[in-house]
Amino acid sequence: MEKSFFKSRWVRLTGWIIGIVMAIILILTIIVNSSYVQTKLIGLATEALSKELNTEVKINHVNVNLLVQQASFSDIILKDQEQRDMLKVKEVWGSLRIRPLLRGQLILRSLKINDIDLLIVKPDSGVANYQFLLDATKKKPHKKEEKKGSAMKFDLNHAIVNNIHIKYNHEPYDINQVVYHHLYGKHTVTVYNLIAAWKQYRKKGIVHWNMNSGLLTINISDDGKKKNIDIKDLNIRSDNQRPRRNTGKPHHGAFDDGHFDVIADLSADILHTGKDSITARLTRGCVKDTIGGVNLTDLRSDIAIIGKKVFLTNVIVQQGTTRLDIPKAELTLPDKKKGTTLSYNADQIYGRAILKDISKPFAPVLNKFTIPLNLRLGLNGTDKGMNFRGIHINTDDNKLVINATGNLRNFSPARELNLHFFVHDMVAKSGIKDKILNQFTVKKYMMYQLYALGVIKYHGEFDILWKKEKFRGLLDTEKGDIDFNFEIDGVNKYLTGTVSTDSLKLGELFQLKKLGNIDCSASFNIDISKERTAKMRKLKGGKLPIGNVKADIKKVKYKRVTLKNILADIQSDGAIANGDVTMKGKLTDLMLQFSFTNTGEMHKMKVKPKLKFRKYVDDD
């Protein structure tokens with residue numbers, strides 16, 4: 001009975017004590033939230049912040065709850081050195097320690113912020129408007145009295161920031177939410193949906209850009225040694241408000257920098273940061289242009305940035321089954337103060353390419369090209385052009401080997417673009433020529449003649465210009481040498497040029513047993529317009545090219561007779577090719593007419609000989 005009595009008294013006493021403490025806290029909370037105390041707290045907080053940040057800080061309202069040691073602030077304004085509203089915050093809730101606050105110290109453990117407006121001004125020359133904040137938060141000398149008097153201390157475990165509106169040099173950026181966690185020795189900042197829109201002014205008009213970061217995560221260890229940035233579902237879009245370059249042009253590639261729609265996933269480890277330097281490792285990179293056809297499934301590199309220099313090592317770029325490996329590369333970024341422009345250099349680039357992988361963005365005609373090509377080259381250039389050094393290309397069986405150099409000039413405007421290559425030597429062995437042609441879905445002419453040429457060796461050069469290609473050089477074949485110079489006119493749709501040879505086994509090429517070696521030169525003009533060709537095919541049918549060839553035959557063997565000074569003119573409408581041959585003599589002209597319908601069956605062609613006596617009669 002006595003024990004239960006004492007227990008009852010202790011229970012009641014404990015209850016009274018708890019009640020009194022709660023009452024005291026409640027009374028203090030009411031007192032703290034009184035207008036007088038609030039004014040005092042606002043004064044202390046703004047004074048501490050103004051002193052720490054060296055700028056004017058305003059807080060409209062403060063509410064403190066001593067029971068859970070929480071405080072809320074509303075309508076906060078922080079001005080920059082030009083007295084502009086650099087930071088405006090609608091509401092802030094924080095978990096803090098009250099006693100340090102009364103001593104002029106602000107110690108936060110958790111934080112929630114709603115509705116931030118941030119003004120960032122960073123001129124091309126001069127100091128950014130936020131620089132004074134960076135200067136104010138730099139580490140101060142380690143003196144005991146300065147440590148003791150520190151006005152701000154962030155000891156956050158959790159923070160949420162909602163609805164951030166940023167104006168950066170008058171360009172708007174929005175962030176839906178930022179979440180911060182500190183757990184198990186790791187700081188994690190997650191940014192949800194960084195949304196940005198800006199304009200790019202070009203000679204041909206304005207390009208509108210939009211970006212959504214998707215999910216951006218930053219991880220930093222307590223000791224600062226491990227830092228990682230991870231980006232998922234980054235989406236960047238551009239629109240120049242004009243039709244795409246390949247609209248109505250199916251043979252043009254879909255890549256168009258005026259119409260990007262890129263989705264990217266990236267992950268990078270930050271290995272070191274300094275005042276003007278950063279070292280990082282891109283461990284994962286996937287970049288896909290959903291419209292243009294670029295789909296980089298693997299993108300990796302070690303990156304070192306020192307001032308305006310960027311050093312790349314162990315670079316891997318993979319598009320489908322095509323892969324490039326770059327051991328070392330160097331970039332120099334533009335510097336307006338020094339007047340320098342972009343430049344870059346890579347001594348060696350190794351690759352294994354299947355041209356089908358780049359067909360959609362750059363060359364639809366290659367959409368069936370599946371022959372693997374191994375390549376090696378060096379590259380350097382500027383924003384005006386680039387140079388290709390030591391180009392080496394070969395197939396796995398070495399039936400095709402190419403060694404060349406080249407350059408690209410005048411990226412802009414497109415009408416002044418000039419891509420030039422000099423082929424030092426090329427060897428195409430038996431079997432590879434027709435194999436390459438079979439990679440293209442085009443009509444194939446003179447395949448027998450191509451096969452009969454045997455091993456082809458070539459050296460020469462070619463230029464890719466605005467809607468025009470030029471090729472020239474020397475073909476060394478088993479049937480003789482051929483000098484050629486021809487041009488593809490992409491505007492008028494014609495293939496024109498000249499060829500010459502001093503000893504070509506023409507009879508063997510066209511299965512004409514009576515015809516021997518030939519020494520001649522010729523010019524040609526072939527219609528390559530699909531529209532005009534389709535119209536003629538519908539009207540007449542046929543398997544031949546449409547155009548004409550004119551030849552000047554200096555010498556040719558026919559049976560055992562050597563003929564000289566022969567003129568030939570061949571006209572083809574696509575269905576039938578008609579030819580006129582004239583060999584002029586002192587008193588007579590020997591002439592013949594021939595026709596054929598298939599270059600593979602020229603031995604079956606119809607021939608009509610004629611004889612003309614000059615000076616005596618005018619009739620045949």
Side-chain angles (χ1 to χ4, degrees), residues 248-252 363-369 433-453 467-471 475 479 482 484-501 504 506-512 515 518 520-553 566-582 591-610:
K249 302 174 182 177
H251 60 288
H252 283 203
V365 70
L366 301 173
N367 65 346
K368 293 186 180 295
F369 203 109
K433 303 183 295 295
D434 48 349
K435 189 176 180 181
I436 290 175
L437 283 177
N438 286 332
Q439 306 293 306
F440 299 93
T441 54
V442 296
K443 291 187 177 181
K444 303 167 181 67
Y445 303 108
M446 302 179 70
M447 292 300 292
Y448 174 82
Q449 287 75 21
L450 183 67
Y451 177 79
L453 286 172
K467 294 186 177 182
K468 185 180 292 186
E469 294 87 41
K470 296 181 178 181
F471 301 85
L475 287 179
K479 304 302 180 187
I482 303 172
F484 68 90
N485 186 337
F486 65 87
E487 177 179 305
I488 300 174
D489 183 347
V491 177
N492 300 306
K493 308 296 182 184
Y494 278 98
L495 169 63
T496 59
T498 60
V499 294
S500 63
T501 179
L504 181 66
L506 190 65
E508 293 184 22
L509 283 177
F510 289 95
Q511 298 176 285
L512 300 172
L515 196 63
I518 187 170
C520 74
S521 61
S523 62
F524 56 87
N525 185 20
I526 308 298
D527 192 337
I528 58 173
S529 167
K530 289 184 177 180
E531 294 78 8
R532 292 193 296 261
T533 303
K535 185 177 179 180
M536 188 61 71
R537 290 276 186 267
K538 186 177 180 180
L539 181 65
K540 294 189 174 183
K543 299 180 180 179
L544 297 173
I546 299 173
N548 65 81
V549 177
K550 292 184 178 181
D552 181 3
I553 303 170
I566 300 173
L567 300 178
D569 189 351
I570 303 173
Q571 303 285 337
S572 171
D573 61 7
I576 300 176
N578 293 302
D580 289 298
V581 177
T582 302
M591 299 180 295
L592 61 86
Q593 293 178 335
F594 62 88
S595 65
F596 58 88
T597 58
N598 190 331
T599 54
E601 298 179 351
M602 289 187 67
H603 58 284
K604 299 179 181 180
M605 66 182 177
K606 299 176 181 180
V607 179
K608 294 180 180 180
K610 289 187 176 184

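Only a predicted model underlies this, so the values are computations on that prediction, with no experimental measurement involved. All residue numbers in this chain count up from 1 along the given sequence.
When every heavy atom of Ala522 is checked against every heavy atom of Val549, the shortest pair comes out as CB-CG1, 4.3 Å. The minimum heavy-atom distance linking Ala577 with Leu544 is given by the pair N-CD1, 3.6 Å.
Residues meeting the side-chain contact (heavy atoms from CB on, under 4.5 Å) test with Lys540, sequence neighbours left out: Met536, Asp573, Ala575. With sequence neighbours left out, Glu469 forms a side chain to side chain donor-acceptor pair (under 3.5 Å) with no residue at all. With sequence neighbours left out, the side chain to side chain donor-acceptor pair (under 3.5 Å) criterion links Glu508 to Lys479. Asn485 is linked by a side chain to side chain donor-acceptor pair (under 3.5 Å) to nothing, counting only residues two or more places apart in sequence or in another chain. The ring pair (Phe, Tyr, Trp, His ring centres under 6.0 Å) search around Phe524 returns none, not counting sequence neighbours. Qualifying side chain to side chain donor-acceptor pair (under 3.5 Å) partners for Asn492, counting only residues two or more places apart in sequence or in other chains: Asp489. Lys530 meets the salt bridge (charged side-chain N to carboxylate O under 4.0 Å, His left out) test with no other residue; sequence neighbours excluded.
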Compile the donor-acceptor pairs under 3.5 Å between side chains in residues 493-501 and protein atoms, sequence neighbours left out, one pair per line.
residue, atom, partner, partner atom, Å
Lys493, NZ, Gly490, O, 3.1
Thr501, OG1, Asp481, O, 2.6
Thr501, OG1, Ser503, N, 3.3

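We find the OG1-CD1 distance between Thr533 and Ile546 to be 4.5 Å, quoted to the nearest 0.5 Å. Note that OG of Ser595 and CD1 of Ile570 are 11.5 Å apart. Values are rounded to the nearest 0.5 Å. The distance from the CZ atom of Phe594 to the CG atom of Asp580 is 8.0 Å, given to the nearest 0.5 Å.
Looking at Thr582, its side chain never comes within 3.5 Å of a backbone N or O of Leu567 through a donor-acceptor pair.
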